Amino acid sequence: MSDSTPRRVRVRAPELIGKGGWLNTGGQQYTLADLRGRIVVLDFWTFCCINCLHVLDELRELEEKHRDTVVIIGVHSPKFVHEAEHQAVVDAVERYGVEHPVLDDPELGTWKQYAVRAWPTLVVIDPEGYVVAQHAGEGHVHAIERLVAELEAEHAAKGTLRRGDGPYVAPEPEPTALRFPGKALVLPGGTFLVSDTTRHQLVELAGDGETVVRRIGSGVRGFADGVAETASFNEPQGLALLDDDSAVVVADTVNHALRRLDLGSGEVTTLAGTGKQWWQGSPTSGPARDIDLSSPWDVALFGGRVWIAMAGVHQLWAYDPVEGTVGVAAGTTNEGLVDGPGAEAWFAQPSGLAATPDGERLWLADSETSALRWVDREGAVHTAVGTGLFDFGHRDGAAGQALLQHPLGVTVLPDGSVAVCDTYNHALRRYDPRTGEVTTLATDLREPSDAVLVGEDIVVVESARHRLTRLRLPEEAVRVAAVAHRTRRAATEVAPGTLRLDVIFQAPAGQKLDIRYGPSTRLLVSATPAELLLGGAGAGTDLFRTLELDPEIPEGVLHVSAMAASCDDDPDIEYPACHVHQQDWGVPVRLTEGGADRLPLVLAGMDPQ
């Protein structure tokens, strides 16, 4: 080695191991020996982490500029239980446009070998297989690029640098109308506007939630104003009506900007942000077009301003459409769960916002603390559900002991309760401020990220199923006491103790239950209050259940959700059409001696159209 060659402490890089296998390689498995001669950058990430998503974007320029010498390997190292599911990692790699190989390491094997302690962490391995640098956190890519240039020169001179195409193999695109949609909005005409996040567009859908009316945006990552066909976004998320419902404000997340869509002309302009990410020391208020933002994830009108869930810096900001200014409204940039005055509160990736119609509260999904929180008119921050960064799960009951898992969306229901898109639990949950209880409205959703109300239904953005899904709200969630003509259904009198629940289903003519891949039916039962059910709560595959009712609780509501799948019963049809029949009931019950000991509910099997 010559005197001019940089001297570094080098440690032999441990092997890459991960039980989930490799993604973005066309099925090929790799070892470090296969990558010898290339500069390897390991990116230890997990897809819940906003700082990890920032690093993904920082790395794009590096991997494009040094594509023939540098191989970036994402090592997915999960925090949440959901993130250890292989399909969830597959989805995340596509969702965030990861264009390099990814090793799925659900048991943190490689993470431990490299003694990683934080998300994100970047490790640089030289062409001879030695670790030469390790950086935790974001903002290190410029330093890594300088190191890459030095390694290229050094190993080109030694003859140990190997140039050429890397191991990345792009997956085949899927022909769905939406691709990992993020947020939705009901427009004044009854259509839906959806942020089609992975395709960098906004999509207007007809009232059926499926038919595409128009697309806004070129569909290519970019930051350009203009007409619908040429304007560009970068992973847009939150949406809110603006200017007397004639325009929409868009949280253009990876562009670190707020955009405005004119609903009439389709013109897109920029309201706030410079396109650059906010860093410590940058201004925190001022003219909106002059202030840097950081991964705005959702927006909502509250108190005459557009409040912004600024996920990238764990704060809430607000945009004043009259003054054209933007600034911090709550949060210190410290990540955690601390209530109190807005200037002292801590958040952790706030990702969903919804204001109450009376303007008294701004509800928010604080995703990394798995919490439901709210801001009052004075700007003070309160927590309804959730306790901290590492407490999560799926548990109903009193808010103090209920658990969520990385929620991304909140929706205010007509009765004043709040629906929570409990994203990593694949569920829609409900918190009632009057009772302090958390219940589950629906399960078997796939990464729900937002929901909007349409009459007595709630339409959920099933992000990982690339669609909108319409559900009927339980009766108590749509009951509005102030409306005199709305009546409450009479309670069913049932006997205390054992109650037989039977969901009756008959497949339509010409169809049969689909049992090719296991049970074709599912039954989910819960109650309000939860203590009403001493036994029989939860999910199962039989359409009958023995419930045990607490005789000490005189009345309540049984929540029953049933599903059955049937397919065409004709052996001559090679690819039979299949249909899912689903119904939810909220059954008010009153416990009475001599009441019924059986509760039959009919799940209608609809004839195919």
Side-chain angles (χ1 to χ4, degrees), residues 385 393-405 415 417 419-420 422 425-432 434-445 471-479 488-506 513 518-565 581-604:
V385 182
H394 189 155
R395 186 165 66 205
D396 285 344
Q401 57 89 46
L403 293 173
L404 309 170
Q405 187 181 178
D415 69 337
S417 63
V420 181
D422 193 6
N425 280 328
H426 309 301
L428 187 68
R429 313 286 292 282
R430 175 175 176 252
Y431 169 71
D432 190 336
R434 297 165 300 184
T435 65
E437 292 286 315
V438 175
T439 54
T440 297
L441 296 178
T443 58
D444 293 329
L445 301 168
L471 304 172
R472 177 55 54 95
L473 284 169
E475 184 170 320
E476 68 271 17
V478 299
R479 187 170 59 249
R488 181 176 181 176
R489 187 173 59 184
T492 299
E493 293 189 349
V494 298
T498 301
L499 176 68
R500 165 83 177 200
L501 171 64
D502 284 310
V503 175
I504 301 164
F505 175 75
Q506 178 65 49
L513 286 174
S520 61
T521 55
R522 192 173 191 277
L523 181 64
L524 178 68
V525 181
S526 62
T528 302
E531 294 78 13
L532 174 62
L533 279 177
L534 294 175
T541 57
D542 294 322
L543 291 181
F544 59 86
R545 186 80 57 85
T546 298
L547 309 180
E548 200 66 32
L549 306 182
D550 188 344
E552 299 300 318
I553 297 179
E555 62 181 9
V557 179
L558 293 176
H559 306 292
V560 181
S561 177
M563 182 276 290
H581 316 273
Q582 183 170 342
Q583 191 163 340
D584 301 318
W585 297 268
V587 184
V589 294
R590 181 178 300 113
L591 276 60
T592 307
E593 292 296 338
D597 60 3
R598 179 175 178 265
L599 178 62
L601 300 172
V602 177
L603 174 60

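As the structure is a prediction and not an experimental result, all values here were calculated from the model.
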Would you say the side chain of [Y] lies within less than 4.5 Å of the side chain of [X], judging by non-hydrogen atoms?
X	Y	result
Val589	Leu499	no
Asp444	His426	no
Leu591	Ile553	no
Ile504	Leu601	no
Pro496	Glu593	yes
Leu445	Asp422	no

Just by distance, do the side chain of [X] and the backbone of [Y] share a donor-acceptor pair under 3.5 Å?
X	Y	value
Asp542	Phe544	no
Thr592	Val494	no
Asp550	Glu552	yes
Asn425	Gly393	yes

Interatomic spacing from [atom1] in [X] to [atom2] in [Y] - rounded to 0.5 Å:
X	Y	atom1	atom2	result
His394	Leu403	NE2	CG	9.5 Å
Leu441	Leu471	CG	CG	8.5 Å
Arg395	Gln405	CZ	CD	13.0 Å
Asp597	Leu547	CG	CG	11.5 Å
Gln401	Asp396	CD	CG	8.5 Å

Taking all atoms of both residues into account, what is the closest heavy-atom pair of [X] and [Y], and its distance?
X	Y	result
Arg522	Ala539	NH2-CB, 3.3 Å
Ala399	Val438	CA-CG2, 4.3 Å
Ala402	Val385	O-CG1, 3.9 Å
Ser417	Arg430	OG-NE, 2.9 Å

If we ignore angles and hydrogens, is there a donor and acceptor under 3.5 Å between the side chains of Thr440 and Arg429?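 Per modelled atom types, Thr440 and Arg429 side chains form a pair under 3.5 Å.
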Just jot down the side-chain hydrogen bond (donor to acceptor under 3.5 Å, both in side chains) partners of Arg545, sequence neighbours excluded, or say none.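 In terms of side-chain hydrogen bond (donor to acceptor under 3.5 Å, both in side chains), with neighbours along the sequence ignored, Arg545 is linked to no residue.
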Partners meeting side-chain hydrogen bond (donor to acceptor under 3.5 Å, both in side chains) with Glu548 (sequence neighbours left out):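 Residues passing side-chain hydrogen bond (donor to acceptor under 3.5 Å, both in side chains) with Glu548: Thr498.
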Under the criterion side chain to side chain contact (heavy atoms under 4.5 Å, CB included), I'd like the reasoning laid out for Leu501 against Leu523: C-alpha separation, chi angles, the key distance, then a yes or no. CA-CA 10 Å; Leu501 171 64; Leu523 181 64; 4.3 Å; yes
